[in-house]
Amino acid sequence: MSIWQTLRSHASDVRERRILDLFNDSRAEKFSASFGPFLFDYSKTNIDTSTRHLLVQLAEQSGLAEKRNAMFSGEKINDTEGRAVLHTALRRLENDVEVDGENIMGEVRETYDRMVRFADDVRSGKFHGHGGRITDVVNIGIGGSDLGPAMACLALAPYHDGPRCHFVSNVDGAHIHDTLKDLDPETTLVIVASKTFTTIETMTNAETAKAWMAKDIEDPAEQFVALSTSAEKTAAFGISPERVFGFADWVGGRYSMWGPIGLSLMIAIGPKHFRDFLAGAAAMDQHFCEAGFEENLPVLLALVGMWHNQFCDFATRAVLPYDQRLSRLPAYLQQLEMESNGKRVSMDGEVLPYHSGPVVWGEPGTNGQHAFYQLIHQGTRIVPCEFMIAEKGHEPDLAHQHILLAANCLAQSEALMRGRSMDEARKLMEAKGFEGEELERQAAHRVFPGSRPSTTLIYPMLTPEVFGGIVALYEHRVFVEGVILGINSFDQWGVELGKELALALQPVLTGEADGAGKDGSTLRLAQMIRDAQD
Ligand SMILES: O=P(O)(O)OC[C@H]1O[C@H](O)[C@H](O)[C@@H](O)[C@@H]1O
């Protein structure tokens, strides 16, 4: 029997057992792992010693250790695009790495130093706009060129002492309009962030920003910066090379905030805190490379995730940070996890015989509790939950609110596991004076099945280092899951078809093309939009 089959039959044997019954004096300790500032507790799942043993075997048999080493050493593991995968090089600045026989680190360090100088200059006022010191930075980018820095600027708000940062991503004109309307073009710096510098949303918004600035400034390009792999295209846009921060194709878009794509964050929090953010991620890299699988946080996170998705058939995964400043983490992880591991064929092009990555979603607590937790507790589908909480907040004066936040976080995982039986529900309703059939009916509504799995990641405080570690932890989790699934986690062909069709539809919406060959639904909707433009 293959390890996959063994795990599936093990899952069908143990799926129904009560998680609470697995607890003894040492379970919390045995089914958690710590590294640096992190403790990952997966004891509130139905995993036992034999489950973990089988899962670790699954990881070993997938060749994970060799594949991990291949990634870190610059082998072209993204073989549908013929590229190395080296976002880790952007945060391990001391290590030398070669691609195609050439040391890539000279250029990486040089660009990093230029970013530091530029960020310092913007923060000090040495680099200024036509109207003086830069007060606002607008990052125009989408997907990987937006979600990372936007999430990070929010996450590290307590360290933000540079100009205000704004993020424009959507091609919907409302986004750029609402962002620019209160800004002064003479003191605004526009960062055009695009790996390819061809993404239609970003290029359209960049042109809009340029036209907005041109109303007040003779040469708006002077207040523009570009972050891209294409020096040719940034030059064609009119941005002078000293304000272009380049990177190579071995940095995937959704893995790119450690380098130039993180410039807005560096300007916001300053190079020193940015360096701490890199250091936190680099420490996680080292842990990932060195720790045994049973103590390895990214490996454990991946194995627990796969246990729930591939073996217990729970199709979604809720990310629930009890940390308001991580409110963009679920959106960031949607791209990281679903673009990376939402694939249908193996590396060899064979259709997968099992499910690939889960649907990832979430909201920060406690907000989610007042919205969708009803389904998590009593719905008919089981949703594994991933809770996150800091031991301490950044606001000493509001420590009592942090206690309330933390109590809610712990209460939710406890409630999910413990549940409430029919007997307990009956007692509750009896105490309220119900009896007979009405008591039975009312009690049924108050039953919680319980035994719903969750994990908790706890860290001392959301500092730049801790935040860097969290993001790197999730990146490596995605890598581990991808290796075990046998897929390429680093391409994204699934986004192409929609882009092609959108290009073809544009002239249909303007009336320049008749849409021959399109289906009736698309044509009718297009016609309505076309008519509304007159
Ligand atoms: O940075 P860019 O080249 O503008 O790409 C922005 C985004 O667009 C694409 O659609 C990809 O799916 C994303 O992976 C990428 O992050």
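Counting starts at 1 for both ligands and their atoms, following the listed order.
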Select the closest option to [atom] among [options], judged by heavy-atom distance.
| atom | options | answer |
| --- | --- | --- |
| atom 3 (O) of ligand 1 | T196, T198, I140 | T196 |
| atom 14 (O) of ligand 1 | R254, K499, E339 | E339 |
| atom 5 (O) of ligand 1 | T202, D491, L147, T199 | T199 |
| atom 1 (O) of ligand 1 | G144, S228, S145 | S145 |

Mind checking whether Q335 has a heavy atom under 4.0 Å from ligand 1? yes
Is a donor from one side chain sitting under 3.5 angstrom from an acceptor on the other, for D323 and Y459? yes
Just to verify, which of Y474, F490, F479, F247 counts as forming a ring-ring contact (aromatic ring centres under 6.0 Å, His included) with Y255? F490
Can a salt bridge be assigned to the pair E475 and R91 using a cut-off of 4.0 Å between side-chain N and carboxylate O? yes
Please determine if D100 and K76 form a salt bridge, counting it only when a charged side-chain N lies under 4.0 Å from a carboxylate O. yes
How does V495 reach ligand 1, by side chain, by backbone, by both or by neither, if only non-hydrogen atoms under 4.0 Å count? side chain
Begin with the C-alpha distance, continue with both residues' side-chain angles, and end with the deciding distance and a verdict on side-chain contact (heavy atoms from CB on, under 4.5 Å) for F38 and L473. CA-CA 10 Å; F38 301 104; L473 168 63; 5.5 Å; no
Which residue supplies the protein heavy atom nearest to atom 6 (C) of ligand 1, what is that atom called, and how far is it? I142 O, 3.2 Å
Please tell me whether F118 and F245 form a close aromatic pair, meaning their ring centres lie under 6.0 Å apart. yes
